[in-house]
Amino acid sequence: MSDFVPPPASDYTLPTLARRAVGLVVVVVLGLLFFVVLPQFVSRELGTFQLPFPYDLAALSEFGLLLTVLAGLRTFFRPSRLLGPVGAAYHAALIVYLLWLAGASSLRLNFGNGGLSIGFAELLLLLAIVPAIGLAGDLVTGFEDLTRPTERYPIDFPPKPRPSPAAA
Amino acid sequence: MARPAPPLYRLSRALGRLATVALVLVLLFVAALAGSAAQIRPSSSGFGTSERMVGPNEVGIDSSIALRNPGWFVIHALTIRAAVSLPKPNLTLVAAGGSPSVDVPAGSNTSIPIALTIPLSGAVGRMLATEDLSLPTRLWVNASYAGLFPIALALSLNYSWGAPLEGFTASSGSPVAGSNGTSQVPVTVGFRDDASFPVDGNVTIVVDGPSGSACGTAEQIVAVSAGSSYAGSSDVSVLDSCLGGSGDTVEVSFGGPDWSFSIPPQALP
């Protein structure tokens, strides 16, 4: 660790605050569509087929909002030491979200002379592998940022090419 | 010259890529599951039932559901439970049974046997022996698709029960005076075998005096194939001294190798 020499500032170009804010807004909009609007749409569509939505829509929206904010902050804090912790918080929240969804994960379809129930808890648990791996990646990034600050910047934020003298 | 990526950075990036690959694999798996599950159908051989005597006063209903699973995933631990009850307003449970736990392998056409036993004894058995009924039947199917999706299906059906002694009647006429102090009591027995198994056995007719003692008996040998009717007449020879007039009765019973049935004594006209 002691032999680490931070790269010179000329080796990278951090995005401007405005650019980071734009990234945050884009991710928040996408997150709202995925975590808040999509469940409402699915709930309404299931309702048209007389299928009860197995979750509390208000709680789902609140959880979705939290995930959206964390995803946005993760994008915003990418060029900072907070990327690892915020990313880990996002992925941990996503794991909790999937486990929570798995707790009440069955769809029930009633028809004339009976009913059909399909559970999908195991599928959600399987899906939780994805944020678990992401969480591990974020922890590594957080550790890297803690012990070797700015080490990743030249790769994540390469310097802008300087105009060649000939062009000038 | 570009400097090589630091090890921690490479590890972090590798984990990020692994997460993406895992997500794609899970999504592909789900798509394959959905496509595969959509192909599951009851086989063209469908749902068949047969009835047979399986023990003393017990009818076994053997049925099977053939399931075609042409997809790529196994249907695990498929079990079927069935409960049959009498029609409203009685709704007494008549029989319960089901299938063993069966795995339906991928790309297979599997028949799932269902077995039920219906008793032909007691008051319920008497009703089932002599009346065609539409019996409310509840089916529960449980399985797990690909080990990931537990499925529970509940169905209400009606089972068409064909009675082996449908419309069983025994009618007796007035004693006809014979010779040597005897009389002949004419008794006619009739029924239709609406079950899917033959009715073989004997019909025993006993004419009782007022004290309940047997005055005379007769037997009819019965061999009726499924779906056929039976009508048989016998003249029961009785001693006039045994009969007492108003208290005389006739008892009719059926006895086969596996089951028996009797109707309450009837007064002689």
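Just so we're clear, the structure is a prediction, and the values are computed from it rather than from any experiment. Heavy atoms only: backbone and side chains are in, while hydrogens, waters and symmetry mates are out. The chains referred to below are lettered A, B, ... by the order of the sequence lines, with proteins before strands, and numbering in each begins at 1.
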Measuring from atom [atom1] of [X] to atom [atom2] of [Y], what distance do you get when rounded to the nearest 0.5 angstrom?
X         : Y         : atom1 : atom2 : answer
Ser12(B)  : Leu83(A)  : OG    : CG    : 7.5 Å
Ser106(A) : Ile151(B) : OG    : CD1   : 12.0 Å
Asp156(A) : Arg13(B)  : CG    : CZ    : 5.0 Å

Can you confirm whether [X] sits close enough to [Y] that some side-chain heavy atom of one is under 4.5 Å from a side-chain heavy atom of the other?
X         : Y         : value
Pro150(B) : Glu122(A) : yes
Leu127(A) : Leu23(B)  : yes
Leu155(B) : Phe111(A) : yes
Val26(B)  : Ile129(A) : no
Glu144(A) : Pro6(B)   : yes

query: Can you name the closest pair of heavy atoms from Ala19(B) and Gly134(A) and give their distance?
result: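 Looking at all heavy atoms of both residues, the closest pair is CB-N, 4.0 Å.
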- prompt: Shortest non-hydrogen contact from Thr147(A) to Leu8(B)?
  reply: OG1-CD1, 4.3 Å
query: Heavy-atom distance under 4.5 Å to chain A: side chain of Val21(B), backbone, both or neither?
result: neither
task: Sort Phe29(B) into side chain, backbone, both or neither according to what part of it lies under 4.5 angstrom from a heavy atom of chain A.
output: side chain
Residue of the set Val140(A), Ile155(A), Thr141(A) for which side-chain contact (heavy atoms from CB on, under 4.5 Å) holds with Tyr9(B): Ile155(A)
query: If you draw a 6.0 Å radius around CZ in Arg19(A), do more than 12 non-hydrogen atoms from other residues or ligands fall strictly inside?
result: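 Atom CZ in Arg19(A) is not packed in, count stays at 12 or less.
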- line: Most contact-rich option vs chain B, by heavy-atom pairs under 4.5 angstrom, among Gly84(A), Gly137(A), Gly119(A), Gly114(A), is Gly119(A)
message: Heavy-atom pairs under 4.5 Å with chain A - which of Ala154(B), Ala22(B), Gly16(B) has more of them than the others?
response: Ala154(B)
query: Would a distance-only check, ignoring hydrogens and angles, find a side-chain to backbone donor-acceptor pair under 3.5 Å from Asn113(A) to Ser156(B)?
result: yes
